[in-house]
Amino acid sequence: VGNDTEHDSVYPVLPGQTIDFTGTIEASTVKAQMKGIESQFPNTTDYAGIKLSDISSSFTATFTIPDGMTLPENLNKDSVRTDGFSDTFTVSDVSVSGKTVTVKMALKDGIETYKDLQEAVIDNLGDTMGITIPGVKVNDDFPAGDTATVSGTVTGDFKAHATKTETGTTKVFAFTWEGVQKPEGMDATANSVDDGILFTVQAVTPVASKLPADMLVGANTEHDAVIESAQGSTFDLTGAILASSIQEQMNKIEAAYPGANHDTIALDAIKFSFEATFTVPEGMTLPSDLDTSKVKATDFGDGFKVSDVKVSGKTVTVKFELSDPAAIKTYSDLEKIVDAAGGTDGWMKLTVPGITVDNDAALDSLLTIKGEVQGSFRASATSAGGTHKAFSFSWTGVQWPDGKDAVATDDETIQLTMKVVAPTPTRASIEVEKMLNGRDGETVVKTVSPRTGDNAPLVAGMALIAVLSGIAAALSLFIR
C-alpha cells in the first residue's frame, strides 16, 4: 500500500477508509529467462534474424480480500492501474468472483523477431512491475483492534518457436513463473515466506479522553449558587467545551512526524463529529421551532458548523461537524481549523435560545438541566517519505470543575440548576393593587421619591398616581 510493504508492523487503517492494494513482480527473473533464448543461438549478433512464431505470454494476478473489506463496484480494465509494464503487457481482462479479483495481462501484438522481444522485455520493462486494485473499502463496522489479511497470487508463462533464418535452426521455448513472497516484504504476521503473499491491516483503537465541558446562562456557570428564575420567564442556555483539550490531542499527529513540514503530511479518510444534548426537567419547556439557524455557535471558527438540531420531548440534540472536510488535504489545513477554534479563552460554545420556565412550575423547586457531549476525530496521515499513520480520538464531555453545579452530587455530570421563584411585580401594578385594596380607606398610598435630585421623574410619578387615583375612584363608585 503506497510504499509500505507491511513488513515491520501491520498496516493501521480506519473503518470506512478506502485503500489501493498493489501487487508487484520483480522483472529480473523474466528478463534473465528471455536472455536464455540468446544462449541457444551462440555467435549471433543479428537478433532480427531470429524469427519468432506461435508466441504468447501472459501474467495472471489475483487479490483476495477478507471479511471486513469490500471490493469497489464495477472493477474493469480501465480502473485497474499498472506500472512498469510499459506497453509490453496490457490488461486483457479483469473479473470479480466473490471476494477475489483476477487480473490478466497479455503480451502486446507485433513481436516478430527476437530483437523485437529484446526491446519489449529487456529494454522496456521496469525492474518492478505493479498491478493496483483501487478503492478497497474497510467496512464501516470493522471493529477497532481487529486485523484482516489480503492474500495474492501471481503466475506467468511464455512460449515461442524461435528460428534462425540463416541456418534454419528452430528452438522451442516455454517458461512458467509462480510468484513467491520476497523475504524483505514478508507480512508482519507471517511465520515464513511460505505462508504466501499477504498484507495485513489492523483497525486502530480510538484514544479515549475526557473533555472539560460546562453549561451557563449568560456568563453564570451556577457554581457558587443556583440561579433564580421566575415562573413564565425564558432564558438562553449555553453549552461549552474546552477546545484546547482537542488541540492538545491534535499535537500527537505532529509528534509522529518530528521535523516534518506540515504542508507535506497528507491527510485522508478524515471524519470529525460532535454531538451535544441538553435535557430539561419537568417544569421547563424547550422551544418547538429550534433549528440550525436558531442555535448560535460562538468561537467555532470558520472550520466548524452546526449541522443538525433536533428536539425530542425534553431533549434537544445539536450536532456540529467540519464545514468542508474535502478541503482538508494536509495537516497544515487541519491545523489552521483547530487553532482557530476556541477564541481567546479556549472555549467553543453553543447557545440554545428561548427555554421557558413553566408558569405552573412549583415555587422554590430546583430544576436541573443535564447535558452530554460526545465527539470523535480520525484521519489517515502519510508523510512525503511514505510514513503512514492512522489516528483516532474520541472525547466524552465531563463537568469542568470551576463551573460545577452548586448542588451537584458528583464531579463529572454536566448540569445546571435553577430555583423557581415568583415573578417580580412591576412598580405600576404594585401601586394599582395598593389603591384598589385601599378603596375603603384602610390603605394609604405612599410614594417614594427618587434618590437623585432630578424632579422630572417625581413630576411624572405624581401625574401617574393622579391618573391611577382617578381610576380607583371611578371603580369605587362603580362598585357602590
Side-chain angles (χ1 to χ4, degrees), residues 212-241 275-291 294-296 298 309-319 347 349-374 396-439 442-443 445-446 448 468 475:
D214 198 13
M215 282 195 290
L216 311 88
V217 174
N220 191 343
T221 66
E222 191 259 319
H223 179 63
D224 298 320
V226 295
I227 299 170
E228 293 188 348
S229 193
Q231 294 167 317
S233 63
T234 62
F235 62 93
D236 298 344
L237 178 68
T238 297
I241 57 173
E275 182 176 290
T277 63
F278 304 86
T279 301
V280 301
E282 293 298 329
M284 288 185 181
T285 302
L286 293 167
S288 59
D289 59 348
L290 280 176
D291 58 27
K294 294 182 176 64
V295 172
K296 180 182 178 182
T298 304
V309 176
K310 289 183 179 177
V311 176
S312 176
K314 294 287 186 179
T315 299
V316 56
T317 301
V318 181
K319 295 181 180 180
W347 290 89
K349 300 174 182 177
L350 290 170
T351 299
V352 178
I355 299 175
T356 303
V357 178
D358 296 346
N359 289 319
D360 59 355
L363 290 175
D364 296 326
S365 61
L366 297 180
L367 305 181
T368 299
I369 306 166
K370 294 195 175 183
E372 293 183 359
V373 179
Q374 297 290 335
T396 299
V398 294
Q399 178 63 55
W400 180 50
D402 291 355
K404 179 182 173 182
D405 186 328
V407 297
T409 57
D410 71 85
D411 293 331
E412 295 197 347
T413 301
I414 306 166
Q415 65 181 58
L416 181 142
T417 299
M418 288 186 163
K419 180 179 180 181
V420 180
V421 297
T424 303
T426 63
R427 173 69 176 268
S429 65
I430 292 172
E431 298 298 341
V432 169
E433 183 178 356
K434 285 181 178 179
M435 292 178 194
L436 290 176
N437 289 339
R439 64 179 180 271
E442 293 178 359
T443 301
V445 176
K446 295 181 181 180
V448 179
L468 294 175
L475 288 172

Look at atom CD of Glu372 and say whether more than 12 heavy atoms of other residues, nucleotides or ligands are closer to it than 6.0 Å.
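Open.
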Does Lys314, at its NZ atom, have more than 12 non-hydrogen atoms belonging to other residues, nucleotides or ligands within less than 6.0 Å?
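Buried by this count: over 12 neighbours within 6.0 Å.
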About how many Å separate [atom2] of [Y] and [atom1] of [X], when rounded to the nearest 0.5 Å?
X: Ile369; Y: Leu416; atom1: CD1; atom2: CG; value: 5.5 Å
X: Met215; Y: Asp405; atom1: CE; atom2: CG; value: 8.0 Å
X: Thr238; Y: Phe278; atom1: OG1; atom2: CZ; value: 8.0 Å

Flag side-chain contact, heavy atom, 4.5 Å: [X] against [Y]:
X: Lys349; Y: Lys296; answer: no
X: Asp402; Y: Thr221; answer: no
X: Pro281; Y: Thr368; answer: no
X: Phe235; Y: Val357; answer: yes
X: Ile355; Y: Leu286; answer: yes
X: Val217; Y: Glu222; answer: no

Quick one: closest heavy-atom pair of [X] and [Y], and the distance?
X: Ala230; Y: Ala422; answer: CB-O, 4.0 Å
X: His223; Y: Lys404; answer: ND1-O, 2.8 Å
X: Trp347; Y: Pro212; answer: CZ3-O, 3.9 Å
X: Val311; Y: Pro287; answer: CG2-O, 4.1 Å
X: Lys419; Y: Leu366; answer: CB-CD2, 3.8 Å
X: Thr413; Y: Gln399; answer: O-CB, 3.4 Å

Per the side chain to side chain contact (heavy atoms under 4.5 Å, CB included) rule, which among Leu290, Leu350, Val280 passes with Val316?
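Of the listed options, the one satisfying the test is Leu290.
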Please report the C-alpha distance between Ile414 and Asp214 in whole Å, then the side-chain angles of each, then the deciding distance to 0.1 Å, and finally whether the side chain to side chain contact (heavy atoms under 4.5 Å, CB included) criterion is met.
CA-CA 6 Å; Ile414 306 166; Asp214 198 13; 5.6 Å; no
Strictly distance-based, threshold 3.5 Å: is any side-chain N or O of Gln374 a donor or acceptor partner for the main-chain N or O of Glu275?
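No; judged by distance alone, with no hydrogens or angles, the pair does not exist.
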Does any donor atom in the side chain of Asp236 or Thr351 lie under 3.5 Å from an acceptor atom in the other side chain?
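Judged by distance alone, the side chains do not pair up.
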